[in-house]
Every structure is written in structure tokens, then in C-alpha cells.
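A quick note: this is a predicted structure, and the numbers were derived from the prediction, not measured. When a residue number appears, it is its place in the shown sequence, counting from 1.
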Amino acid sequence: MRRWITTFARYDWSLLIAAMALTAIGVLVLFGIGLARESQDLFQVKKQLLGAGIGLALAVAISLTDYRHLRALALPIYAGGLALLVGVLVLGTTHRNGGRWFVLGALSFQPVELAKLTFVIFLAAYFSRHAHTRLTWTAFAGSAFALLAYVVPVLFQPDFGSAMVFIAIWLAMTFFCRLPRHAWWSLLLTFVTIATFLWMVGLKPYQRERITTFFSPYADPYGASYNVAQARIAIGSGGWFGKGIGEGSQARLRFLPEASTDFIFAVVGEELGFVGVSVVLFLLGLLLTRIIRIAMESQDAFAGLCLIGIASVIAFHLFVNAGMNLGIMPVTGIPLPFVSAAASSLIVLFLSIGIVEAVAVHVKGTFA
């Protein structure tokens, strides 16, 4: 018990409070969306609260352990994530907006969210072996192969947005390794090649339509551009303080599709206004700042790289989700961290926070 008290005393409480505050804002907005419907459906609120409870319990549990065990288990963890991605292709159910889920009655789980964390842990362990030397071409190619093994089954789901998240994780973590001098040119060439291949044969028609809509957001306001147009109307109509929870006309009258998931940022803008959006962005900024700060304070290469990977997941999700709501990024179905109705993502995010807290506790001397 005394060790638990010591551990909790060494928590980075600003990090945990920011995550919980974002979750509370998300639940509040989902509550308003549910009440505004004719049937007053609060299922998503209950599911989000359940996800938050499970995630918080897992976060506390992992923060009480020595995070260094993850490095020793990195390869089995990676294999488990890959097994989930392949298994969901066979046993999973396709979601209407892309991606596949394991479904058991009223409960569902999206394994790609957990796979993002398993990939971060594996890459952190893999790259930490080369922390004090220049990364060899062989090691660089090995990391690229590990990336490809995850991206291919994700694209078969199909889930183009999550595939881009894996690439973003790999790029962010590779950036902090000492690459061979010409590696960045090879990365650029590889990116252009893969992008061309995906555009020609890898993307489905609706996915190509989303990208072309990004370049011409008002070309088809009643078709492909409808979602983005309605999201921008919602954000613009919120003013400084918003219309109030459940009073947003875009969400209440169903003009805004996927209001509780992909476009919840627009609902926050309409119902909580510029102030509400600023609070959400501030909390996410605080969360990212604390994660990076803890990563920099850690003397363990594995811990630092792992936290950089976790930060890259959150940052990329924020950038893409907010960007597609504002019409500056293609619509890809990426949830807003801690806020969107995505219980699978929420559980994994809290699990990630638990790892960050375990590193913070270690930095402050609990395991010294």
C-alpha cells in the first residue's frame, strides 16, 4: 500500500487530469447529441463511460508496474497486434465507414486502435538498440518491413486513415534515430512511390473521392463535399460561446453526419463555441507537452521513443480530425482523441497514458 501511495504521489497529475477533462467534455457533448434525438438515445454515452472506466483502470494498473517489462515483451506484443489485424479480416465485421471490428452482441472492439500502441512499443524497443549508433540500412529496412506488415492488412479492411497513422508513427520515431545520410531522400522517394501505387490500385472510389474533395471542397456541396460543408457551417455558427449543449442545429437536425465520431469537433464548435474549441485544443496541447517533457527527462532510450510514438498518435489524430472538420484535410474517419465516441480508441488512449505515467514515476525515482 505504501508503494502505491508513493507511486501516485509521483504521478504527472496535469497529464491525467487533462485526459479526464477531455473525456468529460466528450461525454457532455455526446449527452447533448443523444438528448437531441427523438428517441433520446444515450447508448453512446453509456458506451463511452464504460470505455473510460475500463481505460482508467488499465492506466492505473500499468502505471503501478515497471514499464521496462514492455521492452522485453516487444516482439510478442508486436506479433499479437499483427494477429489481431489479420484475424479481424477473417472474423470481424465491416463498419459502414470502413475498418473492421470484432463484434460480440452489443459490444464491439476495433483492433486497429490497439495495434497502433503495439506498433509503438515494438518500434521503441527496435530503435532503442541503435540509440547510440547510426541506424544501419539493414535496421532501417527492418523497421520499414515491420511497418508494411501492419499497413497491408489495415488497407485490406479497408481503413486508409489508420494506415496513414501507422506511417506517421514510423516517420516520427524514425526522425529521432540517426539515419544514414541519404535515408531521407529514400523516404521521400518511397512515399511518392507508395502514394502513386495507392492512388492507382489501392484506394477504393469513395476514398479517392474524399481526397479530390479536399482539393475542391465546394465542388459538390450536396454530394462528396456535403460532410465538410456542413461541418464548417456548424463551426462558424457557434460564435464565441456556442448555442448550448444539445442546441446545435447541425447535429440535432441531422445535417451533420457522424456527429458523435468523425465530426464531433464541429459539434463542439457549434455548441460550445470558440471558447469550447479553445479549451479542447489547450487540453490536448497540455497533454502532448507533458508527454514530450517526460520523454525528454527520461534517460532510457526505449521510454523516450515509446512516448514519442504515443505523442505522434495523439498529435496525428488531432491534426487530421480537426483538419477535416475545417476542410483542410481529407475526410478519413480518424476520431478526435478522448472526445469522439470511440470506446476502443478511448481505452487504448488511457492505456497509453498509463505507460506515460509509469515512465514519469520511474523518472522521479520509484524504481531507482
Side-chain angles (χ1 to χ4, degrees), residues 70-71 73-92 94 98-101 110-130 134-180 182-204 207-208 210-211 302 305-306 308-313 315-317 320 330 332-334 348:
L70 293 174
R71 180 174 181 175
L73 297 172
L75 188 57
I77 288 172
Y78 174 85
L82 183 59
L84 286 174
L85 293 178
V86 174
V88 78
L89 293 176
V90 180
L91 304 173
T94 302
R100 293 182 69 85
W101 302 63
Q110 191 176 19
V112 72
E113 298 298 336
L114 182 58
K116 293 170 187 176
L117 182 57
T118 64
F119 186 60
V120 165
I121 293 170
F122 172 78
L123 277 189
Y126 183 85
F127 284 141
S128 64
R129 303 173 195 166
H130 308 276
R134 186 175 293 277
L135 193 67
T136 64
W137 280 105
T138 302
F140 176 73
S143 70
F145 179 79
L147 168 68
L148 189 64
Y150 266 44
V151 167
V152 169
V154 171
L155 287 175
F156 272 108
Q157 291 191 18
D159 189 348
F160 178 73
S162 291
M164 293 301 101
V165 174
F166 284 111
I167 295 174
I169 294 169
W170 181 67
L171 288 174
M173 297 179 71
T174 302
F175 179 80
F176 286 88
C177 298
R178 299 177 61 191
L179 290 175
H182 302 295
W184 291 109
W185 289 107
S186 299
L187 278 176
L188 179 60
L189 179 62
T190 302
F191 175 78
V192 172
T193 302
I194 293 175
T196 302
F197 174 78
L198 287 176
W199 180 261
M200 297 296 293
V201 299
L203 296 181
K204 294 186 178 298
Q207 292 173 324
R208 285 197 292 267
R210 286 178 174 180
I211 295 175
F302 167 73
L305 285 168
C306 191
I308 290 298
I310 290 172
S312 69
V313 173
F316 190 74
H317 274 236
V320 173
T332 56
I334 297 293
V348 175

Is there side-chain contact between V165 and K116, with at least one heavy-atom pair below 4.5 Å?
yes
Non-hydrogen side-chain atoms of Y126 and L305 separated by less than 4.5 Å
no
Gap between atom OG of S162 and atom CZ of F316 - 0.5 Å precision:
9.5 Å
Would I310 and L117 count as a side chain to side chain contact (heavy atoms under 4.5 Å, CB included) if you check the C-alpha gap in whole Å, the side-chain angles of each, and the deciding distance to 0.1 Å?
CA-CA 7 Å; I310 290 172; L117 182 57; 4.2 Å; yes
Flag the pair F166 / L147 as yes when at least one side-chain heavy-atom distance between them is below 4.5 Å, and no otherwise.
yes
Centroid separation W170 to F145 less than 6.0 Å
no
For residues L123 and Y78, determine if any side-chain heavy atom of one lies less than 4.5 Å from a side-chain heavy atom of the other.
no
Could you tell me which non-hydrogen atom of I121 sits nearest to which non-hydrogen atom of L70, and how far apart they are?
CG2-O, 3.9 Å
Quick one: closest heavy-atom pair of G81 and T118, and the distance?
CA-OG1, 3.7 Å
Beyond-backbone contact of Q110 with D159, side-chain heavy atoms, under 4.5 angstrom
yes
So V112 and R100, side chain to side chain contact (heavy atoms under 4.5 Å, CB included) or not? Walk me through it.
CA-CA 8 Å; V112 72; R100 293 182 69 85; over 6 Å; no
Correct closest heavy-atom pair for L89 and P153 would be CD2-O, 3.7 Å
Is there a side-chain contact between T174 and F127 in this structure, where contact means two heavy atoms from C-beta onward sitting under 4.5 Å apart?
yes
